[in-house]
Amino acid sequence: MMPFSNVLPAAFFDREPAAIARELVEMGALLVEAQEGSIVAGRIVETEAYLTGDPACHAYRSRTPRNEAMFGPPGRAYVYSIHRVYCFNIVTEGEGVASAVLVRAVEPVAGVERMQERRPVAAVVDLTRGPGKLCQAFGIDRETFNGWDLTGGERLWVASPPAARQVPVAVSPRIGISAGQDLLLRFYDPTSLFVSRLPRQPVP
DNA sequence: GTTCGGATTATCT
DNA sequence: GATAATCCGAACC
């Protein structure tokens, strides 16, 4: 049996995105990329939710070719490029509702050598700590994977872990946005070395 | 057609 | 922590 085959179904993603973002970290969900002869997997340790009516959401202003995938059914991928880098999101809620969960970091579980082929860096921690980095390590690009059905268990999917677990979850504002900074929609495992940024120090 | 800015990263101090 | 790199997409004219 193929490892990491407990594929999360569309129903899991047909819910409010903040709850999904939190649960993916809490349950230790796995992001899996497989082709013949190779498999790459990582535990999701950092996510952000982007909601409808949220000024930081790409679909806040209007429906455009760029954000089209976010309006699709739950459990699809929304991949976009920024500063010449790809970011990977999972579309949430029903078709026609534009919301998503951004996966910002994973902790490698399998296929480190394959990741290093795609992203030659000295330190393993630099393979997948950050949204652009993990896309490179997993071979995720917009052309192939924007709109990809992640619930089919083919090529790229999200799985629940082989053994149930409860990961601690910390909450903070989202990273790198100018609007919606007051919302606490970033979720991460505070014990993971693969989280992209430590919490900002409180301002006195 | 032109302008503007970004859900980042690498590299510098 | 600060900043340059760098280019695509969206908005506006």
So which residues get pulled into A:Ile175's cluster when ILVMFWY side chains under 4.5 Å apart are joined, directly or through others? none
Rounded to the Å, how far apart are A:Asn89 CG and B:dT8 P? 11 Å
Rounded to whole angstrom units, what separation is found between the CZ atom of A:Phe88 and the P atom of B:dT9? 15 Å
Please report the distance, rounded to the nearest Å, between NE2 in A:His58 and C1' in B:dG6. 8 Å
Rounded to whole Å, please give me the gap between CG in A:Asn146 and P in C:dC8. 16 Å
Calculate the interatomic distance between A:Ile82 atom CD1 and B:dG6 atom C1'; express it in whole Å. 4 Å
Test your reading of the model: is there a side-chain donor-acceptor pair from A:Arg186 to the backbone of A:Pro173, 3.5 Å cut-off? no
Show the distances under 3.5 angstrom between N or O atoms of the protein and N or O atoms of nucleotides 10-13 of chain C.
unit_1, atom_1, unit_2, atom_2, d
C:dA10, OP1, A:Thr64, OG1, 2.4
C:dA10, OP1, A:Arg66, N, 3.0

Nucleotide N/O of nucleotides 10-13 of chain B paired with protein N/O under 3.5 Å:
unit_1, atom_1, unit_2, atom_2, d
B:dA10, OP1, A:Arg119, NH1, 3.2
B:dA10, OP1, A:Arg119, NH2, 2.9

Is it the case that more than 12 heavy atoms not belonging to A:Glu154 sit under 6.0 Å from its CD atom? no
Hey, is the main chain of A:Asp126 close enough, under 3.5 Å, to the side chain of A:Arg119 for a donor-acceptor pair? yes
Going by heavy atoms in the side chains, are A:Lys133 and A:Val121 under 4.5 Å from each other? no
Looking only at heavy atoms, which two atoms of A:Trp157 and A:Val7 are closest? And how far apart? CD1-CG2, 3.7 Å
So what does A:Leu102 hit on the nucleic acid, given a heavy-atom distance under 4.0 Å: a base, only sugar-phosphate, or nothing? base
Taking everything shown except A:Arg84 itself, do over 12 heavy atoms lie less than 6.0 Å from its CZ? no
Could you write out DNA chain C as dot-bracket? Rules: Watson-Crick or G-U wobble, both distances under 3.5 Å, brackets [ ] for crossings, | for pairs with another strand, dot for unpaired. |||||.||||||.
What is the separation between atom CZ on A:Arg197 and atom C1' on B:dA7, rounded to the nearest whole Å? 10 Å
Quick check: closest heavy atoms across A:Ser192 and A:Arg43, and the distance to 0.1 Å? CB-NH2, 4.4 Å
May A:Tyr80 be described as stacking on the base of B:dA7, applying a 5.5 Å centroid limit and a 30° limit on plane angle? no
Could you measure the distance from the CD atom of A:Gln166 to the CE atom of A:Met27? Nearest 0.5 Å is fine. 11.0 Å
Nearest heavy-atom approach of A:Phe145 to A:Ala77 is O-CB, 3.3 Å
Distance alone, cut at 3.5 Å: any donor-acceptor contact between the side chains of A:Thr52 and A:Ser99? no
Can you check the A:Leu51 CG to B:dA7 P distance for me, whole Å? 15 Å
Cationic tip of A:Arg76 within the cone over A:Tyr78's six-membered ring, i.e. under 6.0 Å and within 45° of the normal? no
What residues form a side-chain contact (heavy atoms from CB on, under 4.5 Å) with A:Leu183, not counting sequence neighbours? A:Asp54, A:Arg174, A:Leu185
Go along nucleotides 1-7 of chain C 5' to 3' and tag each nucleotide: B for a protein heavy atom under 4.0 Å from its base, S when only backbone or sugar atoms are that close, - otherwise. ----BBS
Could you measure between the two C1' atoms, the one in C:dT3 and the one in B:dG5, and give it in whole Å? 16 Å
Report the distance from atom CZ of A:Arg186 to atom P of B:dT8, rounded to the nearest whole Å. 11 Å
Check for a donor-acceptor pair, side chain of A:Thr151 on one end and backbone N or O of A:Ala10 on the other, with a separation under 3.5 Å. no
